[in-house]
Number of protein chains: 2
Amino acid sequence: MYQFLYPMEQTNSEFLRGTLKTIVLNLLANRERMYGYEITQAVKERTQGQLLLTFGALYPILHKLEQEGLLMTESVEVDGRTRKYYALTPSGTETAQQKVSEFERFVEMMRSLLQSPTLALTK
Amino acid sequence: MYQFLYPMEQTNSEFLRGTLKTIVLNLLANRERMYGYEITQAVKERTQGQLLLTFGALYPILHKLEQEGLLMTESVEVDGRTRKYYALTPSGTETAQQKVSEFERFVEMMRSLLQSPTLALTK
DNA sequence: ATATATGTATAAGATTCTTATATATAAAAA
DNA sequence: TTTTTATATATAAGAATCTTATACATATAT
């Protein structure tokens with residue numbers, strides 16, 4: 001009945017800015033192919049409802065990634081409606097991996113900026 | 001002569017989007033008060049030249065944080081030029097700490113989205 | 001004399017996201 | 001049986017956030 005036993009706090013954190021492409025590419029890296037609605041549901045599940053990726057944000061991203069040659073599409077007719085599948089191209093697979101490394105590097109950089117110097121001997 | 005022995009790779013990563021306020025607030029949390037130019041230099045040093053915070057990004061942030069009551073300013077005349085110091089208000093100190101927690105939560109959320117399900121038993 | 005370092009600040013433009021809206025079918029609940 | 005919820009793709013207006021360019025000004029090093 002209820003999807004979550006406890007209401008989850010939603011993070012529409014400003015930190016998300018600039019991470020959505022990376023999220024989409026990496027979800028696709030794990031699942032062969034997905035369609036838009038499926039991606040929003042996967043994001044919701046994996047974050048326990050913390051992150052709700054909206055269509056207004058998702059579709060422009062999908063279209064841009066396709067245009068950049070990182071995704072390829074395949075349209076399938078289901079129940080009289082067109083379902084559009086997205087899958088990584090070889091170039092997209094490579095980019096997905098690069099983004100993860102870049103993210104880890106970014107996190108380390110942020111930590112060096114956020115930690116207090118008394119704890120870290122920064123001079 | 002050379003500030004860095006090895007040329008550092010610059011990260012003007014898209015991940016930075018939305019993190020600059022957090023960075024500025026936390027630099028100020030460690031140093032009593034700082035002026036704009038000093039902040040750009042501190043960012044450069046702490047990240048070994050990886051992140052170069054430009055003035056075009058910094059000043060609008062400082063002004064906005066002041067307007068929100070998170071920073072207070074003090075102008076000092078040095079060599080015929082006005083140097084404007086920024087310091088955290090009590091509210092700014094609180095926000096700085098909150099941002100760090102929020103960032104750590106964000107990183108965990110990102111990891112749950114970026115990791116491959118074969119490694120992580122996601123379902 | 002020229003370049004580099006120090007210093008504050010605005011403005012035009014690009015990118016990225018949020019919120020609102022449009023369209024449409026199927027299943028479940030009231 | 002009517003309404004709500006879930007499923008499905010997509011655009012557009014607007015807000016927020018950064019990048020790049022520019023303006024102004026002094027001091028020091030080359």
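Protein chains get the first letters and strands the later ones, always in sequence-line order, with residue 1 at the start of each.
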Query raised in the report: Under 4.0 angstrom, heavy atoms only, what part of the nucleic acid is B/Arg17 near: base, sugar-phosphate, or nothing?
Result: base

**Report entry** Most 5' of B/Tyr35 and B/Pro60 on DNA chain C, judged by nearest nucleotide
**Finding:** B/Tyr35

Query raised in the report: Is there a donor-acceptor contact under 3.5 Å from the side chain of B/Gln50 to the main chain of B/Thr47?
Result: yes

Query raised in the report: How would you label the contact of A/Gly56 with the nucleic acid (heavy atoms, under 4.0 Å): base, sugar-phosphate, or nothing?
Result: base

Report task. Round to a whole Å and report the spacing from CG of B/Leu53 to P of D/dC18. Result -> 10 Å

Query raised in the report: Whole Å only: how far is the CD atom of A/Gln41 from the P atom of D/dA6?
Result: 9 Å

Query - Residue A/Lys64, side-chain heavy atoms: nucleotide from C/dT16, C/dC17, D/dA10 that is nearest - result: C/dT16

Query raised in the report: Between A/Leu58 (CG) and D/dA8 (P), how many Å, whole number?
Result: 14 Å

Report task. Specify the separation, in whole Å, of atom CZ of B/Phe15 and atom P of D/dT19. Result -> 15 Å

Pairwise N/O distances under 3.5 Å, protein to nucleotides 22-28 of chain D:
{"unit_1": "D/dT26", "atom_1": "O2", "unit_2": "B/Arg81", "atom_2": "NH1", "d": "3.4"}

Query raised in the report: In whole angstroms, how far is the C1' atom of C/dT15 from the CD atom of A/Glu68?
Result: 12 Å

Query raised in the report: Has A/His63 got a side-chain N or O lying under 4.0 Å from the OP1 or OP2 atom of D/dT11?
Result: yes

Report summary line: A/Leu62 atom CG is separated from D/dT9 atom C1', nearest whole Å, by 10 Å

Report summary line: Quick note, A/Lys21 side chain, CB onward, closest among C/dT19, D/dT19, C/dT16 is C/dT16

Report summary line: Looking only at D/dA16, C/dA5, D/dA10, the nucleotide nearest the B/Tyr37 side chain is C/dA5

Query raised in the report: For B/Glu74 and C/dT8, what is the distance between atoms CD and P respectively, to the nearest whole Å?
Result: 13 Å

Query raised in the report: salt bridge (charged side-chain N to carboxylate O under 4.0 Å, His left out): which pairs involve residues 68-78 of chain B, sequence neighbours left out?
Result: B/Lys21-B/Glu68, B/Arg33-B/Glu74

**Report entry** Validation row, ring centre A/Tyr35 to ring centre A/Tyr86 under 6.0 Å
**Finding:** no

Report task. Might you confirm whether atom CD of B/Glu108 has over 12 heavy atoms from other residues, nucleotides or ligands at distances under 6.0 Å? Result -> no

Query - Note: B/Glu104-A/Arg111 ion pair, threshold 4.0 Å (strictly below) - result: yes

Query raised in the report: Is the backbone of A/Gly69 close enough, under 3.5 Å, to the side chain of A/Thr89 for a donor and an acceptor to pair up by distance?
Result: yes

Query - Sub-4.5 Å side-chain heavy-atom contact between A/Leu27 and A/Val43 - result: yes

Query raised in the report: How would you label the contact of A/Thr19 with the nucleic acid (heavy atoms, under 4.0 Å): base, sugar-phosphate, or nothing?
Result: sugar-phosphate

Report task. Grab the OH-P distance between A/Tyr59 and C/dA22 for me, whole Å please. Result -> 18 Å

